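What follows is a set of notes on a single structure, which appears directly below.
The first residue in the sequence is number 1, and the count goes up from there. None of the values given here were measured: they were computed from a predicted structure. What you see below is based on every heavy atom in this structure, not just the backbone, and it leaves out hydrogens, waters and symmetry mates.
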Amino acid sequence: MSVLGVSVIESRREREREREREREMGEVCEMVEMESVEVRTAASVARTPPISVPPFQLHSPSLTRSPLLDSAPRAPTTPLASRLITPLTSPMKKAIKNMQGYLEDVGHITKLDPQDAWLPITESRNGNAYYAAFHTLSSGIGFQALVLPFAFIFLGWTWGILCLLTAFAWQLYTLWLLVNLHESVPGTRYSRYLQLAMATFGEKRGKLLALFPLKYLSGGSCVALIMFNGATMKLFFRTVCGNMCNEKPLTTVEWYLVFTCLAIVIAQLPNLNSIAGVSLIGAITAVSYCTIIWILSVSKTRPTNVSYKPLDAKSDIDRICGILNALGIISFAFRGHNLVLEIQGTMPSSLKHPARVPMWRGVKLAYLFIATCLFPLAIGGYWAYGNSMPNNNAGILSALYKFHGHETSRFVLGLTCLLIVINGLSSFQIYAMPIFDDLEAAYTRKKNKPCPRWLRAAFRALFGCIAFFIAVALPFLPSLAGLLGGIALPITLAYPCFMWIVVRKPQRYGVMCCVNWALGCLGLILSVLVTIAAVWKIVDTDVKFHFFRPQ
């Protein structure tokens with residue numbers, strides 16, 4: 001082959017290589033252009049709203065040729081497009097995620113009754129763990145604690161301490177059940193004990209089982225507070241004034257009226273959250289007077305001939321009834337379960353932050369103080385006075401005045417009485433709040449509007465007057481405390497166990513199922529036995545049913 005032929009072949013190969021290079025460059029340019037077009041199209045779609053047309057125009061020739069019909073957002077197909085679009089869509093993704101979480105939280109509490117915003121228990125929902133601790137502590141310690149040493153007279157040292165520990169652990173467990181049952185149904189909050197009872201046992205059966213005990217624990221406690229604190233105010237006045245104020249002292253009924261008027265004035269605070277400060281004062285005074293009383297009792301010289309032997313009973317039945325009455329005294333001292341759901345109803349709640357968490361934290365704090373008050377009061381009071389403990393509503397306070405009143409300064413005795421009265425005024429507010437709530441609920445259901453201020457004040461004054469009238473008309477009610485306490489005992493020890501079984505449906509024959517069945521049945525049996533024993537004591541001791549003659 002000649003040299004000329006070889007050069008021609010090489011020139012052809014070079015031209016083919018140049019064409020291939022041009023073809024590859026063209027393909028690269030087309031790819032880059034396509035990527036830029038996709039990016040511009042996606043951005044314009046994000047800015048331009050989709051068109052909407054009638055259905056019959058969807059297939060018209062003009063629209064089928066229009067690029068707007070192809071304006072649906074496309075998933076980026078190249079890394080370049082994804083890098084350009086992701087920073088634009090990530091804020092939207094975050095907003096959608098936050099909105100979804102908000103809707104889930106709102107959906108968790110959307111089944112609230114609109115009427116709740118008008119009622120004093122649920123009118124304000126900005127409570128917290130501290131408010132719960134104040135309310136629980138103020139309602140958990142009362143004048144019933146002063147009678148605890150008297151229960152040891154029938155039980156003795158060993159059984160008295162064991163029963164006290166068992167009752168404390170039992171009622172703390174049922175309290176935990178109620179706290180967790182508050183939002184047992186998703187989207188529903190049971191902010192009142194009666195609501196939970198009706199949802200669990202049925203409307204009619206729930207009212208039959210729980211209505212009277214709840215009203216007694218609320219209204220009956222207010223009546224008892226008027227009677228006890230009226231007498232304590234009389235004792236305070238006599239202690240402070242001594243022999244200088246004996247010309248025209250106020251009668252017992254007049255002291256009842258003084259206490260009732262003070263309680264009605266404080267009761268004008270609108271809702272349960274607004275009395276958190278009052279409950280704080282009540283909690284401080286309760287811890288203070290319990291501590292002062294048991295320290296004074298233990299530090300003073302014990303009376304002569306102090307005995308710890310069980311009292312001689314007329315018969316075995318009388319001894320058994322005395323033991324059951326002692327159990328009733330211990331169980332009734334740990335009251336307040338009828339207010340747990342109401343207190344928890346004042347807290348905000350969401351799916352991520354349920355109200356049971358701060359509520360249980362506040363309850364644990366409150367019951368730590370309750371334990372440090374009640375156990376030394378019961379054990380120390382029985383050690384100091386033994387079987388000489390007076391059998392009345394004042395309990396260890398009467399023993400302190402009787403055995404150590406002459407050697408204790410009037411300032412300390414007067415301060416103790418004053419603290420008891422202040423605590424009684426605080427406890428009156430929280431125990432009366434469910435009654436106020438029921439009165440206003442009846443009005444709002446009928447009128448479908450919130451209760452005006454003047455009518456709210458009238459309702460609370462009316463309740464105070466009714467409680468005062470009952471305290472004056474039925475001065476023998478403290479003698480029936482064992483009977484009424486036995487009737488109200490299932491509210492604390494039995495019903496929460498059955499509610500847990502019905503609502504939560506634990507595994508059959510599991511630990512929770514067996515424990516709740518055992519405690520619930522035992523609570524009902526104990527309630528029946530305490531009630532029978534109280535009736536026997538009333539008949540055996542021949543209680544005087546005198547009316548309108550308070551002592």
Exercise for the section: May I ask you to decide whether Arg189 forms a salt bridge with Asp116, counting only side-chain N to carboxylate O separations under 4.0 Å? Expected result: no
Handout entry: Residues Tyr216 and Asn338: side-chain donor-acceptor under 3.5 angstrom
Key = no
Handout entry: Asn273 side-chain N/O to Ser124 backbone N/O, donor-acceptor pair under 3.5 Å
Key = yes
Exercise for the section: Would you please indicate yes or no on a ring centroid separation below 6.0 angstrom for Tyr308 and Trp383? Expected result: no
Practice task
Ignoring hydrogens and angles, state whether a donor on the side chain of Tyr131 or Thr346 is under 3.5 Å from an acceptor on the partner side chain.
Solution key: no
Problem - Nearest-0.5 Å distance that lies between atom CD in Gln344 and atom NE2 in His182 - result: 4.5 Å
Practice task
For the residue pair Thr444 and Gln115, confirm or rule out a side-chain donor-acceptor distance under 3.5 Å.
Solution key: yes
Problem - Within 6.0 angstrom of Asn305 CG, more than 12 heavy atoms from elsewhere - result: no
Exercise for the section: Ignoring hydrogens and angles, tell me if any N or O in the side chain of Ser426 forms a donor-acceptor pair with the backbone of Val278 under 3.5 Å. Expected result: yes
Practice task
Supply the atom-to-atom distance Leu324 CG to Leu529 CG, rounded to the nearest 0.5 angstrom.
Solution key: 5.5 Å
Practice task
On the 0 to 90° scale, with breaks at 30° and 60°, tag the Phe334-Phe168 ring pair as parallel, tilted or perpendicular.
Solution key: perpendicular
Handout entry: Any donor-acceptor N or O pair under 3.5 Å, side chains Ser349, Arg125
Key = no
Handout entry: Side chain to side chain, Ile264 and Gln268, heavy atoms closer than 4.5 Å
Key = yes
Exercise for the section: Determine whether Pro358 and Asn128 make a side-chain contact, defined as any pair of heavy atoms from C-beta on separated by less than 4.5 Å. Expected result: no
Handout entry: Sub-4.5 Å side-chain heavy-atom contact between Leu524 and Pro490
Key = yes
Handout entry: Distance (rounded to the nearest 0.5 Å) between Ile161 CD1 and Ile379 CD1
Key = 4.5 Å
Problem - Distance, nearest 0.5 Å, that separates CG of Leu462 from CG of Leu439 - result: 7.0 Å
Exercise for the section: Specify whether Trp517 and Phe498 have parallel, tilted or perpendicular ring planes, treating 30° as the upper limit for parallel and 60° as the lower limit for perpendicular. Expected result: perpendicular
Problem - Test item: Tyr193 side-chain N/O and Ile491 main-chain N/O as donor-acceptor pair under 3.5 Å - result: yes
Practice task
Please report the shortest heavy-atom distance between Asn423 and Ile141, naming the atom on each side.
Solution key: OD1-O, 3.7 Å
Exercise for the section: Determine the interplanar angle of the Tyr130 and Phe134 rings, folded into 0 to 90°, and report it as parallel if under 30°, tilted if 30 to 60°, perpendicular if over 60°. Expected result: tilted
Handout entry: Under 3.5 Å: donor-acceptor pair, side chain of Ser221, backbone of Ser218
Key = no
Exercise for the section: Examine the side chains of Glu183 and Thr188 and answer whether a donor and an acceptor come within less than 3.5 Å of each other. Expected result: no
Practice task
Look at the side chain of Ser299 and the backbone N and O of Leu296, then say whether any donor-acceptor pair between them is shorter than 3.5 Å.
Solution key: yes
Exercise for the section: Measure the CG-CG distance between Leu493 and Leu522 for me, rounded to the nearest 0.5 Å. Expected result: 8.5 Å
Practice task
Answer whether the closest heavy-atom distance between the side chains of Tyr385 and Leu400 falls below 4.5 Å.
Solution key: yes
Problem - Nearest non-hydrogen partners of Leu148 and Ala333, listed with the distance - result: CD2-CB, 3.8 Å
Exercise for the section: For the pair Ser527 (side chain) and Gly523 (backbone), establish whether a donor and an acceptor sit closer than 3.5 Å, ignoring hydrogens and angles. Expected result: no
Practice task
Would you check if Thr122 and Glu342 make a side-chain contact, meaning some heavy-atom pair closer than 4.5 Å?
Solution key: no
Handout entry: Carboxylate-amine/guanidinium contact Glu440 Arg445, below 4.0 Å
Key = no
Handout entry: Sidechain-backbone polar pair: Ser427 side chain, Gly424 backbone, donor-acceptor under 3.5 Å
Key = no
Exercise for the section: Would you mind reporting whether Leu155 and Ile330 have side-chain heavy atoms less than 4.5 Å apart? Expected result: yes
Handout entry: Test item: Ser398 side-chain N/O and Ala394 main-chain N/O as donor-acceptor pair under 3.5 Å
Key = no
Exercise for the section: Taking Tyr431 for its side chain and Ser139 for its backbone only, find out whether a donor-acceptor pair lies under 3.5 Å. Expected result: yes
Exercise for the section: Answer whether the closest heavy-atom distance between the side chains of Ile343 and Ile430 falls below 4.5 Å. Expected result: yes
Problem - Minimum-distance pair of heavy atoms, taken over all atoms of Ala197 and Ala210 - result: CB-CB, 4.0 Å
Completion exercise
Between the CG atom in Asn516 and the CD1 atom in Ile501, the distance rounded to the nearest 0.5 Å is 5.0 Å
Fill in the blank from the handout: Test ring-ring contact (aromatic ring centres under 6.0 Å, His included), reference Trp176, set Tyr367, Trp500, Trp170, output is Trp500
Problem - Phe463 and Phe428 aromatic ring geometry - parallel, tilted or perpendicular at 30°/60° bounds - result: tilted
Practice task
Please answer whether the main-chain N or O of Thr492 pairs with a side-chain N or O of Gln171 as donor and acceptor at a distance below 3.5 Å.
Solution key: no
Handout entry: Heavy-atom side-chain proximity of Met389 to Val147 below 4.5 angstrom
Key = no
